[in-house]
Every structure is written in structure tokens, then in C-alpha cells.
Amino acid sequence: MANRYLSRALSCLAVVACVAAGAFAGEPPPAAADPAATEDRAPEDGAAPPAERPASGDEAPAPTVAPPRTLPAQQTKRPKGEEKPGPEVTPARVEAWTDPTTRFLVEKRAPWVFSTPQGAEGEEAAWSFEVHPEYRVRYVEIHQLESNGDVAAHVSFAEQRLRVDAAFSRTGLGSVFVQLDILDGVLFGDNGTFGLVPEVNSGLGITSKQPNMAGWQVGLLSGRDPLEIDSYGPALRPIEPIRVNYAYGEVILPFGIVRAGRMPTADAGNLAINDGRTGRNLWGVSHYHNSSDRFLFGTKISEAFLMLADSSHKVDRDRDDGVFMGLVYDILVGDDIYRSDDDLEQFAFQLDWKLKHFQLAGVDGRLRLTSTLTYRWSETEDNCDGDDCPYNTSVFAFPTKFELELGDFYFEAQFTIIDGTTRELSAGFSELNSRPVVDQRIQSQTARLWFEGQLGPVTLLGVWAFASGDLDPRPETTQKTGTWARDTNLGLLLFEHILAFQSARSAAVGIENLIQLEAKSFPLTEVQTDGRVTNANIINPQVFIEPFKHCGPGFDHDLLIKLGAVFAWTVMPAADPIQSILAWDGEFIDDDLVNYHGGRPGTYWGTEIDLGLEYHYKDLFGLVLEAAVLFPGDALHDENGEAVMSWMFESRFMFRL
């Protein structure tokens, strides 16, 4: 009862904010001043009906994750001589940020995903073409990117990206989809050195009239020793102006969907897989994507069973209700086309149960359970020895996701288990210490629990996050390190920048060693976390306030105030696998272990405080301001037991059509 009155009071304050904001913007106040009337109001004439909550997807291949899109009304023949009407324009994206029918944060951020438009039964397959550009500009400033040194004490940069999604479709029949990234990661300005790579367009900065194509990465600094970790820091690199992320075809058959080509591994933003689309994260940005060269088949098997039971059953093509099955085959590595023993392949099977609507104690709810089994393998040869020996990979993964929406409460549970063996990891690490190559066991786990509750314009969110860790980097021991997908963010600073930078420096040293040893396997690239959550046990409480949430239809502005805290422990004491292996004396490993900063392995990553403010206008424009401060724990201490506080500020301008 108390929560109900508190929610109503907060909603009333939100309506006052709407009226004030509308007066400031020169707009009329919302039609309904009663929050309850605003929440339950039926659509006005000509207004878009309340949108169903988009499916958020899962770690697997099923093509059912994309919600059906609104189609133009079926055209009818006009009388002879009647004036031809103008083209009917249908918005491809619900304006989620300014649409009062959207409720949970996860649905407000659901991005547009590829999907063939569904037509009415018996309707002729019409041609359609959709293009959705999104342009993003970021400015980032970080103080103490390096927690224990002065190589990257102060970092600031502005970068950009233009992403273009295009769909060539025939309604209800099939499509060809393409996603391009243009100027992705390209820094503002004419950056570099004349005569070197990246090369500037002008030999004099004061005469520069055209920016070039330069970005940055962790690289070897000029004149430094490549085998020393302190020799690596932010360095400029050339960037290809255009990159094709996805290009694939889809056909809708009477019995299912078939896809082939280079496609998202899943239309999702989860622990195991993230397609890198904008909106997958509450904090920070997406700048990577998981893709696969794949053959896929998906079908709604619940309809197949209903048709077997009743021959007169009319097929329900709703992609948000029922039981779906997906089968995929991926070609991960082909290498030499004249041999097959160097290939790496993957098969996946998924079952996805969606219950769009149910009631529990009079409260409306929605439920979804998705389970996937994947198997990744390479050809195995008995008694294999030598450089041409395949890696004998045999790895299973089992990602599972459960979602429950009940009234003003949303709960999500994800976990992924990986188990198998491969020689590929030890083939690289063994080069560093002259150890024999062995079939190494892989056992890792990741998990996340998500509790989201609504209290008027306030959303309370609690997250528990987990990724297994490994203290022993030797190749003859089981590899237990678990990692999240690269673009599944947690917080702003600790994993996305601090750990990513230091692990990239360590990986660069290891890779240089392997290059000099002429190694064939480079598993050390995976030591570079690239912002992934790893070896972590985290509590992440967050609060989000939407002052304009109940402003009603026709109000084009939205504001989101964000506050979060990250309390991050390690699962196992944090050790740098490369520096520890290089320091190993061949006996016990315990006395040779060091963390990424040269200190003893610690058990607490640190405490991070995050703040954010987002403004959205009609889903066309967004301005995001975010800041974070990190109080480092012993896992980030150097050999002297010291680490300094880090902080960052980021601003983003986003334009979407």
C-alpha cells in the first residue's frame, strides 16, 4: 500500500515536470494530468497503438528474436480517374524514448534489427527498401588510464562512427540485409606523422585543411624496447574507412526461415553474444559485433505439433508467442582450401519458449526461456605430432536465459557453461616457456541476475554479475577463465578502460615474444580483455529517473538521470598470465605470479561510482553525458602496493533515422 502511494506521488511530480518542460520548450502541456489516466489511456484516433515489448534475443541462432514490424496498409484499386494518393510512410522504429507505452529500460533501448516484413495472408509480395543511418560522435577524457604510471596519465580523444543498416525485402517472402560501418573509430583531426603510417594530409598542422583516417590502439611507443610492458601505450593507427559487418539473405518458407551469409551470431546483447547494436547497454557504447559465416534454419515447432493434432488448425505466425527451434552450422576457420584438417566448425541447436501473456494473481505477465547447445570442433588425428598437427578442438557451450515480466517487475537470469579440450591455447603459451603442447581442458562459467522494478518515474535496478577466473596460467592445467561478450558492458571505467588498457599492454609483450619465436598460435590476443568482464564477482545497484515518463503522447522530449555503483571482487586472485609465465622459473608457479601492474595478485578490483544524464528528442537525436570515478583495489596495485584513483568523462552526440 505504501509503495502504491509513493509511486503515485512520484508520478504526480513527473507530470509537474512535464508541464514545466513543455512550457519551457513552447509546447502545450500533456492532455492528461492524472498519472493513472496517462498510463492506461487508449490510443487516440490516428495515434500508433501501444507497441508490444520487443524480444531482447538470446545467445543463440534462432531467427525469431526480431519483432515483426508495422506494415503499410494493403492497397486497393482506385476508381478510374481518381487522383493517385501519395506514398504512405510507415515509421520503421517506434520512438521508444518518447513513447509513454514503453515501460522497462530494456525495451526503451531495444534497437532496430533485421526482419522481413510480414504481409497479410493472400497479399501479393510487395517490394520494400529500408535504410537506417546512425551517426555517433564521442568525446572521452580519462585521468589515470594507467593506474600506476605516467605513460597514459591523461588521455582525451574525439572519435566518430556512421553505421548504416539496409534491408532489401519482399513482403512475407524474404530479404537481403547489409550493415556497414563508416569512419568507425576515426579520430577528429589530421593525426599522425608525415611520411609514416598513419600519414597526415598536411606537413604543417597550421595549414591542415582535411582530417585523415587515423584511430588509436595500444601499441609500441617510438624508440622503446618491445619486450618491456612499459614500452606500450596509446599509439595512432590507420583505419579502413568502410567495413562490412553483415551481409546475408533470408527466405520465409511455409515451414520456417532459412538464412545464409555473414550475419549476427544472435540478435541479442547478452553474456555470450552481443551484436554491438546501439542500445544494448545502459552505460557506455557498443563498438564491437559478434558475427558468423553461417547457414541457419528456424521454425515454430509448436505450430507443427498443433497441426499434427488438428489438421484444420490455422497457423499462427506470431514470432513472440510459442515454441521455436533453431539450427545453425558455422564455418569459423577455413584456412587452406585444399585441406580440411585445419578447419574449425560449429553446430548449434536452440529451443526458445515465449509466452507473450499470462496472469498470476490478477497481474499480467510475460515469460521467455531460451536454451542453446553449441559444439565447436576441428578435425582430430591420432598420433599427431609436428607443426601441421591440428588443434584437436572439441568444446561445448550451454548458454541459457530466463526472462519474467510481471506487472512493474522484470527479472532476468543468464548463465553460460563452457567445457571441452583444445591444443590451440597451449600451442601458443608453450612457446613462451618451452613446454610441450598438450590437450588443455577448458572449463568456464559466466552468469548474471537482473532485477528491475518500477516506482513511478523511478526505476530501481540490481545486478549480480559473475565470470570465473583462473590463477594458474600454465598450459598443462585446466583453463578456467570466463569472459562476457565484448560489448556487454558493466559500468563505465574499470573493465571498459582500465583493465582493457593494461591487459592490452601485457598481450602486446607476449605477442612480440611469439613473433620472435615464429609461433603459429597466438592465444595471447585473448588475454587482451577489450573491455570484457572477466574473473569477477560483482554487485551493481543502479537507479534511473525519468522525469518526463508520464508526459503522454505528443511530448517529444525525454530525460534520463542515471546513478550506479560497481563493487567488484575477483573470483580468483587477479594474475597476469603472460607476465607470470615469462617470470616462471619452471618449478612452483605461486611465487612467480604477478598482476597486470606488476604487484601481487589481489582479490578486489575496486569500487566504481557512475553518473549519467541522457536527453532524447523524438529518437532522432540523443545527447549523453557520463562520468565515473574508480577507487582501485589490491588487484590493481603495483609492486609497491600502490594505485591511484582514476576518473573519466564522456559525452556523445547521436543522430538516428
Side-chain angles (χ1 to χ4, degrees), residues 52 54-58 60-77 90 92 112-130 165-178 246-268 292-331 347-357 368-374:
E52 295 288 348
S56 59
D58 210 298
T64 61
V65 294
R69 289 172 291 184
T70 305
L71 297 175
Q74 184 176 359
Q75 294 182 353
T76 57
K77 289 187 177 180
T90 302
W112 183 84
V113 296
F114 296 128
S115 179
T116 297
Q118 297 185 41
E121 187 174 352
E123 181 184 18
E124 183 180 355
W127 288 93
S128 69
F129 175 58
E130 295 181 79
D165 288 312
F168 309 81
S169 306
R170 291 194 64 184
T171 302
L173 184 59
S175 304
V176 172
F177 305 115
V178 178
Y246 308 131
Y248 65 99
E250 171 184 281
V251 61
I252 301 177
L253 302 173
F255 50 84
I257 291 179
V258 174
R259 291 177 179 174
R262 180 161 298 181
M263 65 188 73
T265 306
D267 290 318
S292 300
D293 290 331
R294 160 175 292 181
F295 301 92
L296 177 150
F297 171 73
T299 188
K300 190 174 182 178
I301 60 172
S302 56
E303 291 302 301
F305 285 107
L306 291 173
M307 292 177 65
L308 290 175
D310 181 4
S311 59
S312 62
H313 173 74
K314 185 177 181 180
V315 176
D316 178 11
R317 300 185 181 276
D318 189 346
R319 298 186 186 183
D320 292 321
D321 198 52
V323 180
F324 302 83
M325 179 187 71
L327 300 170
V328 305
Y329 168 70
D330 296 339
I331 299 177
F347 171 80
F349 170 77
Q350 181 192 76
L351 285 177
D352 190 4
W353 175 39
K354 301 179 182 180
L355 186 59
K356 184 164 64 174
H357 182 264
R368 183 176 185 183
L369 176 62
T370 309
S371 292
T372 309
L373 176 65
T374 68

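We use all heavy atoms of the structure for the numbers below, so side chains are in, but hydrogens, waters and symmetry mates are not. We count residues from 1, following the sequence as given.
Judged purely by atom type and a 3.5 angstrom limit, T299 has no side-chain atom pairing as donor or acceptor with the backbone of M325. Looking at E250, its side chain never comes within 3.5 Å of a backbone N or O of S175 through a donor-acceptor pair. Under the 3.5 Å distance criterion, the side-chain polar atoms of K356 are left unmatched by any main-chain donor or acceptor of G322.
The nearest pair of heavy atoms linking L327 to F347 is CD2-CZ, 4.0 Å. For the residue pair T265 and S292, the shortest heavy atom distance occurs at OG1-OG, 2.9 Å. The two atoms that bring L296 and G298 nearest to each other are CD2-N, 4.0 Å, heavy atoms only. In this structure, F129 and A166 approach most closely via the heavy-atom pair CE1-CB, 4.5 Å.
V323 has its side chain out of reach of F305: every pair of non-hydrogen atoms, C-beta onward, lies at least 4.5 Å apart. In this structure, the side chains of V328 and F295 stay at 4.5 Å or more apart for every pair of heavy atoms. Under the 4.5 Å side-chain criterion, counting only non-hydrogen atoms from C-beta, L351 is in contact with I301. For the pair I257/R319, a side-chain contact is recorded, criterion being any heavy-atom separation below 4.5 Å from C-beta on.
Once rounded to the nearest 0.5 Å, the distance linking CZ of R368 with CG of D352 reads 4.0 Å. Separation of atoms CZ (F349) and CG (L373) is listed at 8.5 Å; rounding is to 0.5 Å. The distance from atom CZ of R259 to atom CZ of F114, rounded to the nearest 0.5 Å, is 9.5 Å.
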Original post:
Run the side chain to side chain contact (heavy atoms under 4.5 Å, CB included) check on I252 and L173 step by step: do they pass?
Top reply: CA-CA 5 Å; I252 301 177; L173 184 59; over 6 Å; no
Subject >> Worked check of side chain to side chain contact (heavy atoms under 4.5 Å, CB included) between F297 and Y329 >> reply: CA-CA 9 Å; F297 171 73; Y329 168 70; over 6 Å; no
**OP:** Apply the test salt bridge (Lys or Arg N to Asp or Glu O under 4.0 Å) to residues K300 and D316: give CA-CA distance (whole Å), side-chain angles for both, the deciding distance (0.1 Å), then the verdict.
**Re:** CA-CA 9 Å; K300 190 174 182 178; D316 178 11; 3.7 Å; yes
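Remark: D330 pairs with R294 by the salt bridge (Lys or Arg N to Asp or Glu O under 4.0 Å) rule, at least two apart or across chains.
Side-chain N/O atoms of S169 and T116 include no donor and acceptor closer than 3.5 Å.
Using a 4.0 Å cut-off between charged side-chain N and carboxylate O, K354 and D321 make no salt bridge.
The aromatic rings of F177 and Y248 sit tilted relative to each other, their planes meeting at an angle between 30° and 60°.
Atom CZ of R262 has 12 or fewer heavy atoms from other residues, nucleotides or ligands within 6.0 Å.
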